[in-house]
Amino acid sequence: MSWRVSMSSGSSWRFLQSAQYRRTGNPSLLSSSDFFLNFEIDDVILSDDSTSAEEDFDSLVLFGSLRGNVVGLRYYTGVVNNNEMVALQREPNNQYDRNAVKVNNINGEQVGHIKKELAAALSYIMDNKLARVEGVVPHGANNAFTMPVNLNFWGKPENKQAVLDRMKIHGYKLGPLPASSPAFASGPSFKAPGLQAVQMTTEQLKTEFDKMFEDLKEDDKTKMLEPSKAVGTVLLPHQKQALSWMVSRENSNNLPPFWEQRNKFYYNTLTNFAEKEKPESIRGGILADDMGLGKTLSVIALILTNFHNGQPFPTGKSRQLKKESYCGEMYGESVPSQKQSKAKNKGKNESLMSRKDKMDPCPSDNSSSRPKREQHRKVKYTFSSDSEDGGESIPRKIKASSACSLQDDNQFAMALFGGTPITKKISKKKGTTIPKTLSSGPSDELPRTTLIICPLSVLSNWIDQFEQHVKPDVQLNIYVYYGPERSKDPEVLSKQDVVLTTYTVVTHDYGNKSENPLHKVKWLRVVLDEGHTIRNPNAQQTKATLSIQAERRWVLTGTPIQNSLKDLWSLLSFLKLKPFTEREWWHRTIQRPVTMGDQGGLSRLQSLIKNITLRRTKTSKIKGKPVLELPERKVFIQRIELSDEERHVYNSMRDEGKAIISRYFNEGTVLAHYADVLVVLVRLRQLCCHPHLVSSTLSSVASTGDGTPEELREKLVNKMKIVLSSGSDEECAICLESLNMPVITYCAHVFCKPCICQVIHSEQPNAKCPLCRGNICQEHLVECPEEEPESLLKQEQKWMSSSKINALMYALTEQRNKDPRIKSIIVSQFTNFLSLIETALRESGFIFTRLDGSMTQKKRTEAIQCFQSSDAESPTIMLLSLKAGGVGLNLTAASRLFLMDPAWNPAAEEQCFDRCHRLGQTKEVIITKFVVKDSVEENMLKIQDKKRELAAGAFGTKKPTSNEMKQARIAEIRTLVDL
DNA sequence: ACCGCCGGGTGCC
DNA sequence: ACCGCCGGGTGCC
C-alpha cells in the first residue's frame with residue numbers, strides 16, 4: 001500500500017517520512033508540518049480484508065497508454081472539454097454488447113462508449129481488475145459523433161504482462177502518449193517511474209510544508225472576530241481568529257478550490273471540466289488546531305455568532321420579541337447565502353431589509369424602539385416564542401450535569417446495542433417553549449439546527465463546554481440525541497438549536513429504514529468532532545456520516561498524527577468538494593501525483609489544504625507570540641525498591657509465571673495461551689503495586705485444557721475480565737488503535753468488535769483469528785466490559801501499605817508541606833489500587849476525589865467540577881483510572897501527576913499527562929512515573945521505548961504483516977518475562 | 001453483372 | 001459524417 005510505494009518512489013518522500021517519524025518521537029516537538037508529513041503512514045494492517053484491490057490505488061504503476069475513440073456522443077448529454085479527464089465504466093448488461101465500456105465526464109454524466117473493438121479488449125482487463133484504465137480526452141469540445149481518448153493503463157506490476165498480452169490479442173499495443181496531456185493526467189512517472197519525478201531538496205519540501213500553516217499571513221486567517229454576546233467566555237486571540245475564519249467561510253460565496261469562472265462557465269482547473277451551474281461554495285472546512293487550543297469553544301462561538309443569516313444568536317431581551325426580526329450584531333461578510341438570494345428573488349419579501357438596514361445596529365436590549373421594529377416586521381427569520389408571555393427572562397437552559405444523568409458510557413453503548421437506548425435531553429424549564437423552528441418556515445429558509453457528531457467519549461465534554469461557555473441567560477436549546485428515549489421525530493430535532501449525537505447513533509440511524517431522523521433533517525450545520533473517525537471510506541460509519549445533509553460542514557481533528565493523505569479524501573468528500581466526492585478524481589489529480597513525487601500535485605494539495613484548513617499548533621505564533629504558552633512539563637521516573645516480603649511474593653509469582661510461559665514457548669503455543677500469558681503479566685504488574693491486588697494464585701489461572709466448553713468459556717471470560725479490568729491498553733491488531741468495544745475470541749485475542757466482525761464476515765465461512773489463525777465465529781465472540789467494578793479486592797484483608805504507596809505518600813506529604821494548595825492527579829490502571837490508595841490518603845488527611853470508568857456521567861462531572869474548583873476546601877487530589885474520560889478531560893487544577901504503574905501504550909500515558917498539561921495550566925507540571933526496579937514494569941518501559949521507536953519510524957521497514965505482528969507480540973512477551 | 005460504379009440511407013454500445 | 005459502410009439500383013459510349 002502507500003508505504004510500499006513511498007519507499008520505492010521519490011527519495012524526498014522517504015526522507016519526509018523519516019523526518020516526521022523522528023519528530024513524533026518527542027511529542028513536544030510536533031510542528032504544524034507534521035499534519036502533512038504524515039501522509040504516508042498507513043495504519044491498516046489487514047488491508048486485504050478492509051480494502052478491495054481496486055482501491056489500492058497507490059501501488060499502481062503505469063503500464064502504458066493508447067489512443068482510442070469514444071463513440072455515440074450524440075446520444076448522450078455529457079460534454080467534455082479539451083484535455084478533460086473522463087472515467088471509464090464497464091457496462092456488462094448492455095443489450096448490444098456485453099463488453100461495453102461507458103465513458104463518463106467528471107460529473108458522472110455519460111459522454112459515450114468506447115468503440116466496440118477496443119471495448120472488447122478492455123472488458124476482460126477491467127473485469128479482472130488487471131488494470132485501471134483512465135481516460136483523458138485531448139480534443140473533446142465540439143465533437144459531434146466521436147472523439148479521441150488517451151487511455152492510461154495502471155496496475156500492479158505483476159499484472160503488466162497479462163495486460164500487454166491481452167491487448168496484443170486484440171491487436172493493440174501500449175506505448176507512450178503524446179506529451180501534450182497534463183502531467184498529472186498521465187503520471188509523471190511514465191518515463192521512468194519514480195526516478196524522473198521532480199526531486200525537491202528536503203529543505204525545499206520542508207519549507208513548502210511549513211509555509212502551509214506557519215505562514216498564516218492570509219487575511220482570512222489572521223483577522224479576529226469578537227464573538228456574539230451569547231458567548232460567556234473571553235476568547236483567546238487565536239480563537240477569535242478561528243471564529244473569524246469560520247464565519248467568513250460559512251458566509252462566503254467564493255468558488256471552491258480549483259474552480260474559476262470563465263465567460264459563462266465554471267471551470268475546474270484540475271480536470272478541465274466546465275459547467276454552467278455554479279459549484280456550491282464550501283461553507284465549512286477543517287479546523288485542525290492542536291489539541292488544547294480550544295476547538296470546541298471555537299465551534300460554540302461559531303454557532304452563537306453566525307447563528308442565522310450572518311447574525312448572532314439572540315441574547316437578552318431581544319429573545320422575547322415575538323415575530324420580530326432580531327437585529328443585533330452583524331457578523332461575517334454579510335453576503336447573503338444562495339438560499340437567501342433565492343428567497344429574495346421570490347418576490348414575496350419586498351420589504352426585506354436592504355443591506356444598509358441590516359448593518360444598522362439595533363441594540364438588542366432596546367425594547368422601546370418600536371418604529372424600527374415595525375420596519376423590520378416582514379423579515380422572514382424571526383426568533384419568536386410560541387407563547388405570548390415569552391417575555392420573562394429565561395433562566396439557564398443548559399443543565400447537563402443535573403437535568404440529565406448520563407450513566408456510564410459503557411452502559412450506554414450496551415443499552416444502545418441491546419435495543420434500549422437511553423435518551424438525555426437537556427430540558428428546558430417547564431412553562432417555557434421552544435422558539436418556533438426556523439426551518440418550518442418557507443422552504444427557502446436556512447434550517448436552524450447545528451448537528452454535532454462526536455465519539456461517545458467526548459459527548460459529555462461538549463455538554464460541559466456549552467454549559468461553561470454559553471451565557472447563563474441565553475436560551476440555547478440543546479438536544480442530546482442519544483439513548484432509548486430519544487425522539488425519532490425529525491420535527492423535534494429541527495426545532496433545536498443544537499443536536500448532539502455520536503457516530504454510533506448516526507450509523508444506527510442510517511441503517512434504520514423507517515426511523516432515521518438524523519438523515520431526514522436538513523441541518524444548518526454539521527460538525528464532526530474527531531473527524532478522522534471517518535477516515536475509512538468503506539466503514540459503515542463513514543457512509544452514514546457522509547450522508548448527513550447540511551448547509552455548512554465542519555471537521556474538527558486535533559490529532560493530525562492519524563491523518564494520512566488517504567484519510568483526507570473522506571474529509572473532502574464530506575465537505576462535498578467537487579469533484580472529489582468521487583474517489584477517482586481525487587486519486588488522479590492529487591493523491592497519485594503527490595505520492596509519486598510530482599511537484600504539481602504537491603502544490604495542488606497545498607493550495608487545497610490552505611484553502612479549507614485552519615491549523616495552529618501549540619507552537620504557532622500570533623504576532624511573534626506563541627498562541628499557547630504552556631508552562632514546562634517535566635517527567636521523572638522514580639524507581640521503587642520492593643520490601644523484602646513484597647520481593648519474595650513477587651519473585652515466587654514471577655518464577656511460577658515464567659515456568660508457565662516458558663512451557664508455552666517450548667510448545668510453541670504462546671499465542672494460543674495468550675489469555676494466560678496476559679493474566680500472568682497482569683498479576684506481576686499488580687504485585688508491583690500492592691500485594692492485595694492479587695487474590696488468586698497462578699496455578700488456578702493456567703489452562704488445564706479440559707473441562708466442558710461452558711466451563712472453558714467461563715474461565716476465559718474471567719481471565720479476560722482480569723486482563724481488561726486492569727486497563728491493559730492493548731491495541732486492536734486489526735485497526736492498530738485502542739480497543740473500541742472490545743470483544744475476545746475463544747483463542748483469547750482481543751479486537752474491536754467492528755474490526756473482527758468485518759474479518760469474520762469477509763472470510764466466511766472459515767474465518768480465522770488474525771493473530772493465531774484459530775477458528776473464529778461471530779457467535780463465539782465474548783464482549784468484555786472495559787471496566788470491571790470492584791470485585792477482586794479481598795475486602796476482609798486488613799489494609800496495609802506497599803512500597804509504592806509509601807513512595808507516593810512521601811512525595812505527597814513533602815509537597816503538602818511545601819505548598820498545601822498544590823493539586824495532584826494519581827493515575828493507575830488498577831482501580832482497586834486506587835481504592836487502596838484512598839485509605840492511605842484518608843489516614844494522612846488528604847481530601848481527594850475520584851474518577852474512574854465505573855462512575856456515572858453525573859458523578860464524573862461532579863468529581864471534575866469539585867476537583868477543578870479553587871475553593872479552599874476543594875480536594876487536592878484526584879484519583880484517576882488511566883483510561884477514564886475522553887481526550888476532553890480537563891484537569892488543569894493539578895500541576896502534579898503521579899503515574900503509579902506504566903501503561904502498555906506510551907501514547908496512553910501521554911494523553912493522560914495532557915489532561916493537566918493543557919490550555920489553562922498556569923504552573924509548571926511535574927510528572928512522576930513510579931517503576932519497580934527489577935520487575936515487569938522495567939521491562940514494560942523497554943517495550944514502551946520500542947513502541948516509540950517504531951512509531952518514530954524504523955526507516956526502510958515495511959508495514960508489518962500479520963505474521964510479523966504475531967512475532968512482535970511473542971517477542972514482547974519474551975522481553976516482559978525476561979525469557 | 002458470381003462484377004464495378006453510382007448515390008441514397010445511414011450512423012454507439 | 002466534408003467520413004465509412006451498407007445494400008439497392010444499375011450496366012457501352
Side-chain angles (χ1 to χ4, degrees), chain A residues 52-55 57 60 62-155 159-160 162-175 177-178 180-182 185-186 265 268 271-277 579 581-585 587-588:
Chain A
S52 63
E54 64 179 323
E55 279 155 359
F57 288 83
L60 307 184
L62 185 61
F63 294 163
S65 307
L66 187 71
R67 169 67 65 89
N69 281 299
V70 186
V71 295
L73 303 194
R74 61 168 161 156
Y75 300 98
Y76 306 100
T77 53
V79 288
V80 184
N81 284 301
N82 292 350
N83 281 321
E84 183 171 331
M85 295 181 173
V86 289
L88 271 61
Q89 185 191 5
R90 277 282 287 124
E91 191 185 22
N93 295 325
N94 184 295
Q95 57 168 316
Y96 303 100
D97 183 359
R98 58 192 178 82
N99 294 322
V101 177
K102 287 208 289 186
V103 178
N104 304 331
N105 70 10
I106 277 59
N107 248 7
E109 300 154 343
Q110 185 169 2
V111 174
H113 278 104
I114 292 290
K115 210 169 158 43
K116 61 178 180 297
E117 294 81 6
L118 183 52
L122 295 186
S123 62
Y124 177 86
I125 289 169
M126 292 172 77
D127 292 346
N128 292 293
K129 298 190 165 51
L130 295 176
R132 281 187 52 78
V133 188
E134 297 180 349
V136 178
V137 171
H139 347 275
N142 305 322
N143 300 36
F145 303 100
T146 68
M147 60 170 74
V149 59
N150 292 331
L151 300 178
N152 298 309
F153 291 69
W154 296 85
N159 292 329
K160 181 169 181 175
V163 169
L164 295 181
D165 291 348
R166 191 77 200 175
M167 291 307 287
K168 202 172 176 185
I169 294 174
H170 291 268
Y172 295 99
K173 191 169 180 288
L174 299 189
L177 261 195
S180 61
S181 48
S186 57
F265 284 89
N268 184 282
T271 58
N272 294 319
F273 177 74
E275 63 180 342
K276 271 231 170 71
E277 204 174 311
T581 37
E582 206 47 61
R583 222 142 112 86
E584 176 171 0
W585 308 120
H587 275 279
R588 287 177 64 175

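Values below: all heavy atoms of this structure, side chains included; hydrogens, waters and symmetry mates excluded. Since we're looking at a predicted model, the values are computed, not measured. The sequence lines fix the lettering, A, B, ..., with proteins before strands; numbering per chain opens at 1.
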**Asked** In whole Å, what separates the C1' atom of B:dC2 from that of C:dC13?
**Response** 25 Å
**Assigned partner base of C:dG11, Watson-Crick or wobble definition, under 3.5 Å** = B:dC3
**Message:** Would you measure the distance from the C1' atom in B:dC5 across to the matching atom in B:dA1 and give it in whole Å?
**Reply:** 12 Å
**Prompt:** What integer number of Å spans the P atoms of B:dC6 and B:dT10?
**Reply:** 22 Å
**Asked** Would you say the side-chain atoms of A:Q110 pair up with the backbone N or O of A:G112, donor to acceptor, closer than 3.5 Å?
**Response** yes
**Prompt:** Counting distance only, does the side-chain N/O of A:N150 pair as donor-acceptor with the main-chain N or O of A:R67 below 3.5 Å?
**Reply:** no
Taking only N/O atoms, report every protein-nucleotides 9-13 of chain B pair under 3.5 Å with atom names and distance.
from   : atom 1 : to     : atom 2 : distance (Å)
B:dC12 : OP1    : A:Y75  : OH     : 3.3
B:dC12 : OP2    : A:Y75  : OH     : 2.4
B:dC12 : O4'    : A:G72  : N      : 3.4
B:dC12 : O2     : A:H113 : ND1    : 2.7
B:dC12 : N3     : A:Y76  : OH     : 2.9
B:dC13 : OP1    : A:K116 : N      : 3.0
B:dC13 : OP2    : A:K116 : NZ     : 3.4
B:dC13 : O3'    : A:D97  : OD2    : 2.5
B:dC13 : O2     : A:N94  : ND2    : 3.0

**Prompt:** Can you tell me if CG on A:D165 sees more than 12 non-hydrogen neighbours from other groups inside 6.0 Å?
**Reply:** yes
**Fill in**
Hits for ring pair (Phe, Tyr, Trp, His ring centres under 6.0 Å) against A:Y172, two or more places apart or cross-chain, chain-then-number order -> none
**Message:** Restricting to salt bridge (Lys or Arg N to Asp or Glu O under 4.0 Å), what partner residues turn up for A:D127, sequence neighbours left out?
**Reply:** A:R90
**Request:** Give a yes or no on whether the backbone of A:N83 and the side-chain of A:N272 come within a donor-acceptor separation of less than 3.5 Å.
**Result:** yes
